[in-house]
Amino acid sequence: MVKAQLLDSDDNHNAQTSDTALLRRELQQGGTLSIMNRMRTKPLIPPLSGRWARIGLILMLSAGALVSTQAQEGGGSNPLTSVRWAEAVHTRTWSIYAEGGLSWATDVWYQNLDAKRSYNQSPAVGGGVDFTIRPWVRVGAEYLWSRYRREQRFSRPDPRTMPVKVYGNYVMNFHNAKLGVQFNFMELWRARRAQWLNVWLGTGMGYSFIKGNEYGIFFNNTMTQNGQTTPAGSDVTVDDESGLTLTGNVRTTNRHEKFNKLYIPTTLHVEADVSRRFTVGLKGEMDWLLSRGGIAPKNYVFALATVRYNFVASRAKVQQGYYEGELSLLNDRVNALQKEAAESRERADREATERQRAEQKNADLQQRLSEYESSMNAQSPAVQISHYVQFAHNCAGISRDELAHLRYFASYMRGHQLSIIAEASTPGPTGYNQKLSERRLKRVVKVLLKEGFAKEDLHPQVAIGEQDGKPDAEGRRVTIKLVK
């Protein structure tokens with residue numbers, strides 16, 4: 001009697017546990033799965049192989065061409081302001097970005113056996129939001145989806161070991177969410193001209209949500225004879241004298257699996273500002289998973305192209321702000337010039353008043369000089385020419401007007417011999433008044449010496465204090481007379 005059975009199970013916990021344990025034991029022992037024709041271990045990133053690799057390379061080259069042709073138009077110094085481009089676009093600025101490219105998973109326990117070339121890499125898409133605090137640092141959150149796949153195709157089953165696995169497919173989808181911080185390496189050269197180009201180095205902490213399934217096909221051929229069940233292979237002999245039962249099973253399994261892991265990311269992100277609001281870039285990332293537990297991959301590797309939108313003011317608003325600032329500066333300048341003109345007018349008025357006063361004093365002095373000249377021409381030999389210097393009460397300093405009169409008199413009398421008598425009024429102690437008259441005398445003599453008189457021309461010099469007993473202004477004088 002021959003009996004054939006077909007088993008199809010989904011989410012059978014007992015079958016899943018035994019199948020997984022058996023598969024891992026077979027992969028570790030190596031000898032029990034000699035059924036394979038050959039094992040091919042793929043490199044992590046086969047150059048120019050696979051459709052996704054070609055697509056990713058085309059995206060990277062296109063992004064590079066876009067950067068080289070458009071970055072110079074958007075970068076550099078803003079022609080409307082005096083601040084640096086980085087400070088205008090990358091200071092206290094929010095931005096969102098989308099990214100897409102390829103991913104690889106390393107050190108996955110489920111090995112590739114004669115797998116398709118496309119199983120070496122997988123698509124990856126995601127996006128995030130960043131806040132650029134300063135041109136050299138930014139923080140943000142990111143989401144990234146991808147998957148890793150493994151395939152096993154056995155071309156020569158060994159019938160001596162049952163069940164025989166003839167095909168396996170392992171697909172795991174992972175969702176990465178992370179918080180990170182990035183530092184702009186290019187800001188070390190703040191005087192650089194290409195401020196549109198930035199290189200960001202980043203790290204942070206993330207959490208990976210991983211869920212997928214393993215699909216497998218197994219053959220199981222057994223022979224039961226005389227109460228004993230053995231695998232049915234090519235070397236089976238049948239005893240015609242006893243009952244024989246041949247059993248053939250084809251079983252498929254679809255085992256679900258999920259786990260969540262923390263990871264530490266490291267990123268290198270090269271970006272170029274093609275305008276104030278749009279930024280394109282190329283990004284490389286490697287994630288180290290923590291507490292792998294023998295089932296999670298060791299690393300995720302990503303090669304991504306990014307497009308970023310910066311929430312900054314439009315060029316029209318920048319122009320408006322610039323011209324408003326210029327108008328404000330011009331208004332401030334006009335106000336300053338008006339204030340300066342008002343101060344100049346006030347200063348001119350004061351100078352005109354001083355000029356009129358000086359002209360009046362000059363006229364008075366000219367009149368006095370004319371009177372001196374007239375008296376000199378009309379005087380007899382017995383008439384004395386004299387001049388007095390008036391002082392304030394209890395003061396030995398010569399006022400401005402008296403000093404001007406004294407200088408005019410000195411200029412007229414230069415070359416003649418003069419006698420000088422200094423007095424003080426009666427109020428106050430006698431000794432103090434004497435010293436006060438002496439100080440007044442010295443002050444007048446000093447002025448006359450500066451005006452060109454010789455010491456021998458100023459004689460006699462007498463300080464008499466309050467001897468004449470004059471109590472009013474007439475006693476506060478120094479009298480100068482011409483000696484004949």
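In this chain, numbering begins with 1 at the start of the sequence shown. Please read all numbers here as calculations on a predicted model, not as lab measurements.
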Checklist entry - Is Q152 reaching over with its side chain to a backbone N or O of Q111, donor-acceptor style, under 3.5 angstrom? => result yes

Item to check | Non-hydrogen atoms of P265 and K178 that approach each other most closely | outcome: CG-CD, 3.8 Å

Checklist outcome for this item: By side-chain hydrogen bond (donor to acceptor under 3.5 Å, both in side chains), D472 pairs with (sequence neighbours left out) none

Item to check | N394 and Y432: CA distance, side-chain angles, deciding distance, side chain to side chain contact (heavy atoms under 4.5 Å, CB included) verdict | outcome: CA-CA 10 Å; N394 196 22; Y432 177 80; 2.3 Å; yes

Next on the checklist: Are I420 and L448 packed together at the side-chain level, in the sense that at least one heavy-atom pair is separated by less than 4.5 angstrom?
Outcome noted: yes

Checklist entry - What pairs of residues pass the salt bridge (charged side-chain N to carboxylate O under 4.0 Å, His left out) test when at least one of them lies in residues 402-419, not counting sequence neighbours? => result R407-E451, R414-E451

Checklist entry - Do other residues, nucleotides or ligands put more than 12 heavy atoms under 6.0 Å from the NZ atom of K298? => result no

Next on the checklist: Give me the atom names and distance for the closest heavy-atom approach of H393 to S425.
Outcome noted: ND1-OG, 4.3 Å

Checklist entry - Hey, is the main chain of A473 close enough, under 3.5 Å, to the side chain of Q390 for a donor-acceptor pair? => result yes

Checklist entry - Atom OG1 in T132, atom CZ in R138: separation rounded to 0.5 Å? => result 5.5 Å

Item to check | Closest non-hydrogen atom pair between K481 and S386, with its separation | outcome: CG-CB, 3.6 Å

Checklist entry - Taking all non-hydrogen atoms of both residues, which atom of P471 and which atom of G469 are closest, and how far apart? => result CD-O, 3.4 Å

Per-pair distances, 0.1 Å, donor-acceptor, side chain in residues 438-446, under 3.5 Å, sequence neighbours excluded:
unit_1	atom_1	unit_2	atom_2	d
E438	OE2	Q434	NE2	3.3
R440	NE	C395	O	2.9
R440	NH1	E423	O	3.0
R440	NH2	A392	O	3.2
R440	NH2	C395	O	3.2

Checklist entry - Which pair of non-hydrogen atoms, one from N310 and one from R276, has the smallest distance, and what is that distance? => result ND2-O, 3.5 Å

Item to check | Chi angles and distances behind the side chain to side chain contact (heavy atoms under 4.5 Å, CB included) call for L482, L418 | outcome: CA-CA 5 Å; L482 174 66; L418 303 176; 4.2 Å; yes

Next on the checklist: Please check if the number of heavy atoms outside E343 that lie under 6.0 Å from its CD is greater than 12.
Outcome noted: yes

Checklist entry - Minimum heavy-atom separation for V478 to A422, with atom names? => result CG2-CB, 3.8 Å

Checklist entry - With a 4.5 Å heavy-atom cut-off, do M205 and I264 have their side chains touching? => result yes

Checklist entry - How far does OH of Y300 sit from CH2 of W104, to the nearest 0.5 angstrom? => result 15.0 Å

Checklist entry - If you round to the nearest 0.5 Å, how far is CG of N260 from CD1 of I210? => result 7.5 Å

Checklist entry - Please walk me through it: do V312 and R277 pass side chain to side chain contact (heavy atoms under 4.5 Å, CB included)? => result CA-CA 6 Å; V312 296; R277 292 192 172 182; 3.8 Å; yes

Item to check | Cationic N near anionic O, under 4.0 Å, D130 to R308 | outcome: yes

Checklist entry - Does a donor on one side chain sit under 3.5 Å from an acceptor on the other, for H90 and N184? => result no

Checklist entry - Got a sec: does the CZ of F185 have more than 12 other heavy atoms crowding it under 6.0 Å? => result no

Next on the checklist: Do S208 and N176 make a side-chain contact, defined as non-hydrogen atoms from C-beta onward lying under 4.5 Å apart?
Outcome noted: yes

Next on the checklist: Is the distance between the ring centroids of Y263 and W288 under 6.0 Å?
Outcome noted: no

Checklist entry - S146: what forms a side-chain hydrogen bond (donor to acceptor under 3.5 Å, both in side chains) with it, not counting sequence neighbours? => result S103

Next on the checklist: Both conditions, 6.0 Å and 45 degrees, for the charged tip of R476 above the ring of F391: are they met here?
Outcome noted: no

Checklist entry - Is a side-chain donor or acceptor of T306 paired with a backbone partner of E99 at a separation under 3.5 angstrom? => result no

Item to check | Aromatic Y388 / basic R477 pairing, under 6.0 angstrom, 45° off normal | outcome: yes

Checklist entry - Just how far is it from atom CG of L268 to atom CD of E285, taken to the nearest 0.5 Å? => result 11.0 Å

Next on the checklist: I'd like to know if the side chain of T93 reaches the main chain of T91, judged simply by a donor and an acceptor atom lying under 3.5 Å from each other, with no hydrogens or angles considered.
Outcome noted: yes

Item to check | Whether S122 side chain and R147 backbone form a donor-acceptor pair below 3.5 Å | outcome: yes

Item to check | Validation row: L201, T267 side chains within 4.5 angstrom (heavy atoms) | outcome: no

Next on the checklist: Once you measure the plane-to-plane angle for F278 and Y309, does it fall in the parallel (<30°), tilted (30-60°) or perpendicular (>60°) bin?
Outcome noted: perpendicular

Checklist entry - N362 and Y408: side chain to side chain contact (heavy atoms under 4.5 Å, CB included), yes or no, with the steps? => result CA-CA 10 Å; N362 185 43; Y408 274 108; 3.2 Å; yes

Item to check | Heavy-atom check, side chain of V137 versus side chain of V181, under 4.5 Å | outcome: yes

Checklist entry - Heavy atoms, side chains only, cut-off 4.5 Å: are T203 and F183 in contact? => result no

Just distance, no hydrogens or angles: give the donor-acceptor pairs under 3.5 Å from side chains in residues 457-465, sequence neighbours left out.
unit_1	atom_1	unit_2	atom_2	d
Q461	NE2	L458	O	2.8

Checklist entry - Between W94 and F131, how do the two ring planes meet: parallel, tilted or perpendicular, split at 30° and 60°? => result tilted

Hey, can you pull the donor-acceptor pairs under 3.5 Å for the side chains in residues 349-360, sequence neighbours left out?
unit_1	atom_1	unit_2	atom_2	d
T353	OG1	D349	O	3.0
Q360	NE2	D364	OD1	3.3

Checklist outcome for this item: One should read off an interatomic distance between Q195 CD and L197 CG, to the nearest 0.5 angstrom, of 11.0 Å

Item to check | Donor-acceptor contact below 3.5 Å, side chain N120 vs main chain R117 | outcome: yes

Item to check | Mutual orientation of the aromatic rings belonging to Y97 and H269 [parallel < 30°, tilted 30-60°, perpendicular > 60°] | outcome: perpendicular

Next on the checklist: I need the E142 CD to K283 NZ distance, nearest 0.5 Å.
Outcome noted: 3.5 Å

Item to check | Side chain to side chain, V139 and L179, heavy atoms closer than 4.5 Å | outcome: no

Next on the checklist: Parallel, tilted or perpendicular: which one describes the rings of W109 and Y170, with boundaries at 30° and 60°?
Outcome noted: perpendicular

Checklist entry - Is the closest side-chain heavy-atom distance between D287 and F174 below 4.5 Å? => result no

Checklist entry - Is E151 salt-bridged to R149, going by a charged N under 4.0 Å from an acidic O? => result no

